[in-house]
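The block underneath contains the structure these notes are about, expressed in structure tokens.
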2 protein chains.
Amino acid sequence: MSRAEIAQTLGVSRATVSTIVDGLIASGLVSERGAGVSRGGRRPIVLKVNPEAGRVVGVDVGASHVLVVLADLCGKILDEAEQPLDVASGPEVCLPLIADVVEAILSRNGGLGVMQAVGVGVPGPVIAARGVVSSPPIMPGWDGYPIREFFETRWGRPALVDNDADLGALGESTFGAGRGETNLAYIKIGTGIGCGLLLDGQLYHGVVGTAGEIGHFTVSQDGPPCKCGNYGCLEAMAGGRAIAQRAYLAIQAGQPTTLAAINHGRQITARDVAQAAQAGDAVSQQLLSDAGRHIGSALASLINLLNPGLVLIGGRVAEAGESLLAPIREAVQRRSLRASLRATRIQTAALGRHATVLGAVALALDSAFCSQLQQRPARGRARS
Amino acid sequence: MSRAEIAQTLGVSRATVSTIVDGLIASGLVSERGAGVSRGGRRPIVLKVNPEAGRVVGVDVGASHVLVVLADLCGKILDEAEQPLDVASGPEVCLPLIADVVEAILSRNGGLGVMQAVGVGVPGPVIAARGVVSSPPIMPGWDGYPIREFFETRWGRPALVDNDADLGALGESTFGAGRGETNLAYIKIGTGIGCGLLLDGQLYHGVVGTAGEIGHFTVSQDGPPCKCGNYGCLEAMAGGRAIAQRAYLAIQAGQPTTLAAINHGRQITARDVAQAAQAGDAVSQQLLSDAGRHIGSALASLINLLNPGLVLIGGRVAEAGESLLAPIREAVQRRSLRASLRATRIQTAALGRHATVLGAVALALDSAFCSQLQQRPARGRARS
DNA sequence: GGCTTTTGTCAATATATGGAACAAAGTTAT
DNA sequence: ATAACTTTGTTCCATATATTGACAAAAGCC
């Protein structure tokens, strides 16, 4: 991006941009990278963020694993580590363990000092302003625990905490399939079903951080019971756990499927079903198609209500690809309004298992750049 | 509000507030109104917006009527006029007619000059930035017609256009039951069912202005056909038209109801059903209760997805009050997540048929104050 | 080669904001 | 009642921030 382009985009004068950019160049955050393409006049000087000027850390806390990445200022992953972790063992156990993983990565990449900020995604409702979770269903003992404070006092660097699905949305919108989109929904289909919302360019949390709970949409009034106490929730009909359960029942019922062979060795997972479907197993395809139909009917409501430009299907189960996406599209088409639908693309997410952690990186990058801009760059002409 | 209070709220110094307020007082927009209550020191000088410093106009274009109000700078309605209007006759017919109504009101209230801005609500999806509607179902011929431009060139004043349900949300949040709430949904139950969303303090429109289409949520997969082409839409099951239709069928089926007497004279309306229900008619109560159950199940999805602090039930049918609200609350309770629900109040709207038009007034007021702040107040010391 | 266009910089200037000191007007403690 | 403390609102000044307009550099266009 050139100075003139920035000035036009932000609606400020070129002179202003020049002075600010000078500061950023002096601090090493930005550098000039040759000449761009002319638009009928002098060729602009292309400005690039200098990826080497700092590092940020992203953390994705899952129910049973934690994924930590180190990224440069462009969001490129330089190193990563994954470790088993039972989130149910509480913050006193988990947080130091996570911190150890982060410190291990940092120590083999230039030490603690290189980290400018850290972003953390957790599988529960987050009050982002305070950096705590609020009555999370799958994180017993974490309610109100000062997660952000823990990391900030440990490292003296800004720490940002947010929900995993929300960060998935942010990750995809920053680095993935949602670049440039200001209104998108990221659907995370894993064991359960979550949803992160980016509305008018901002992550949307709601009043207590529980926005995006599409997993407990009622899709069938007389459906199976859900852990939440209701019946026929989307999650109970089309989540990874539900798909696996249905596969098990199909095998028990003696339906002809390649899944039966797997089941003799170990428990069936949704991933097995996805793989079998792609390999052509009809029963598996039917299972995914049913799940897709239910997801699609919930998505139709989401699309009617929020009129997003893009819906991204992510999470492990989404790796099934078209076997899941086609019935989703079909169900959405049947149930949502023409006008809204025409404006909404439905696609698979691009970042796979890195979506959330890259959202955490994006959050950390934001904070890193902001704090850089706060610090006045050195005044007066340097040397000479 | 005192200067010190403003300074604290906005996070700026008292000195800054003083200079700005001086300008506003000089231009007559704000005036000092005696002393407030002390908090242990000097008593603050209470500042009030001077309602007499200008006027704004709000317009609510309905399917068959247009409602125009003149309001002072505090949003108090000074005069109003309503006139039949067939929105289907297109913009070339409707807009001049609306303008005439506005001008009639203005001419008996000090002339055209007193109006500082005008806000307009229309019953279709709006692209607010451009001031046009986009493929509205019930406004044939209006697609892309430059509504804002029409009013701005006619009067040389800022005109703002938005959707009627969105303005209902804005109206209730500014003047009604939603004051102070940054996240609320306003449900407008009239002939159809619409919804306006205020998210994080901003009206939410989506990418093409169709956000809030809760009326076409599927609430019963095998329900009656809807005008939109789908089956079992909320609007087709619980909208005003649907309630009237069901009442008619109940009478035909010979059910014992006081509605039968009305039906001999003219067609039953949803309002008749609401009145009969409040008077104790069991069949009418059942009809409303059914409708409420369906609305509640759609609202549960909305609450799960958006985690609003407040849901307001407005529109004509909502005047039924608790006969409708009780089943809504019950259905929501059954179907939505505890955590989200605990944070969400469900109430009837406070502004009745003025909700939308007061939202239009709020929009106009915003614009009026902004343009006042843009104009530099006179520099240098006046007199002496 | 001259003309126009666009980019980036510089100096002068306008505007906005904050800090400190202070007077005014109150409350609270003695 | 008096003194001490609080809070409010103002004034003056320093500083930060952005804009304007002029201008040189570097390109395209004729």
Side-chain angles (χ1 to χ4, degrees), chain A residues 1-50 53 366-384, chain B residues 1-50 53 366-384:
Chain A
M1 242 190 162
S2 71
R3 290 171 175 83
E5 211 176 333
I6 295 172
Q8 204 174 3
T9 312
L10 270 64
V12 292
S13 71
R14 288 180 320 222
T16 308
V17 175
S18 256
T19 49
I20 295 175
V21 167
D22 282 356
L24 290 177
I25 289 179
S27 72
L29 232 85
V30 166
S31 58
E32 301 187 340
R33 293 286 168 90
V37 55
S38 163
R39 287 187 302 184
R42 171 176 166 177
R43 273 158 59 186
I45 302 171
V46 177
L47 298 169
K48 285 244 163 90
V49 169
N50 178 8
D366 240 39
S367 159
F369 282 113
C370 280
S371 57
Q372 283 292 334
L373 282 175
Q374 297 306 317
Q375 299 167 24
R376 294 287 118 254
R379 290 281 138 189
R381 279 145 218 86
R383 62 181 129 160
S384 116
Chain B
M1 242 189 163
S2 71
R3 290 172 176 80
E5 211 175 334
I6 295 173
Q8 203 173 4
T9 312
L10 271 64
V12 293
S13 71
R14 287 184 320 228
T16 308
V17 174
S18 256
T19 51
I20 294 175
V21 166
D22 282 355
L24 291 176
I25 289 178
S27 71
L29 233 85
V30 166
S31 58
E32 301 186 339
R33 294 286 167 91
V37 56
S38 164
R39 287 187 302 183
R42 170 175 167 178
R43 275 159 56 187
I45 301 172
V46 176
L47 297 170
K48 285 245 163 91
V49 169
N50 179 7
D366 241 41
S367 158
F369 281 114
C370 280
S371 58
Q372 283 290 335
L373 283 175
Q374 297 306 318
Q375 300 167 23
R376 294 284 119 256
R379 291 278 136 190
R381 276 145 218 86
R383 58 184 135 158
S384 118

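When reading the values below, keep in mind they use all heavy atoms of this one structure, side chains included, and skip hydrogens, waters and symmetry mates. Being a predicted model, the structure only gives us computed values, none of them experimental. Every chain is numbered from 1, with letters handed out A, B, ... down the list of sequences.
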Nucleotide [N], atom [atom2] - distance to [atom1] of [X] in whole Å:
{"X": "A:Leu47", "N": "C:dT7", "atom1": "CG", "atom2": "P", "answer": "12 Å"}
{"X": "A:Gln8", "N": "C:dG8", "atom1": "CD", "atom2": "C1'", "answer": "15 Å"}
{"X": "B:Glu32", "N": "D:dT8", "atom1": "CD", "atom2": "C1'", "answer": "12 Å"}
{"X": "A:Ile20", "N": "C:dT9", "atom1": "CD1", "atom2": "C1'", "answer": "15 Å"}
{"X": "B:Ile6", "N": "D:dT8", "atom1": "CD1", "atom2": "C1'", "answer": "13 Å"}
{"X": "B:Ile45", "N": "C:dG26", "atom1": "CD1", "atom2": "P", "answer": "11 Å"}

Problem - Selection residues 7-16 of chain B - residue pairs positive for salt bridge (charged side-chain N to carboxylate O under 4.0 Å, His left out), sequence neighbours left out - result: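 Sorted pair list comes back empty.
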
Practice task
Take B:Ile6 and B:Ile20 through the side chain to side chain contact (heavy atoms under 4.5 Å, CB included) test and state the conclusion after the steps.
Solution key: CA-CA 11 Å; B:Ile6 295 173; B:Ile20 294 175; over 6 Å; no

Problem - Per B:Pro44 side chain, nearest of listed nucleotides C:dG8, D:dT8, C:dT9 - result: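 Ranking C:dG8, D:dT8, C:dT9 by closest atom to the B:Pro44 side chain puts D:dT8 first.
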
Problem - Pairwise side-chain contact, A:Leu47 with A:Val21, heavy-atom cut-off 4.5 Å (strictly under) - result: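 Side-chain contact under 4.5 Å: yes.
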
Practice task
Heavy atoms under 4.0 Å is the rule here; annotate nucleotides 19-30 of chain D 5' to 3' with B where the base is hit, S where only the sugar-phosphate is, and - elsewhere.
Solution key: BB---BBBBS--

Handout entry: Pairs where residues 3-13 of chain B contributes a residue and the test side-chain hydrogen bond (donor to acceptor under 3.5 Å, both in side chains) is met, not counting sequence neighbours
Key =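 Output for this query lists B:Arg3-B:Glu32, B:Ser13-B:Thr16.
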
Please output the side-chain donor-acceptor pairs of residues 34-44 of chain B that fall under 3.5 Å, not counting sequence neighbours, one pair per line with the distance.
residue	atom	partner	partner atom	Å
B:Ser38	OG	B:Gly40	N	3.0
B:Ser38	OG	B:Gly41	N	3.2
B:Ser38	OG	B:Gly41	O	2.6
B:Arg43	NE	B:Gly36	O	3.2

Exercise for the section: Under the side chain to side chain contact (heavy atoms under 4.5 Å, CB included) rule, collect the residues that match up with B:Ser31, sequence neighbours excluded. Expected result: B:Arg33, B:Asn50

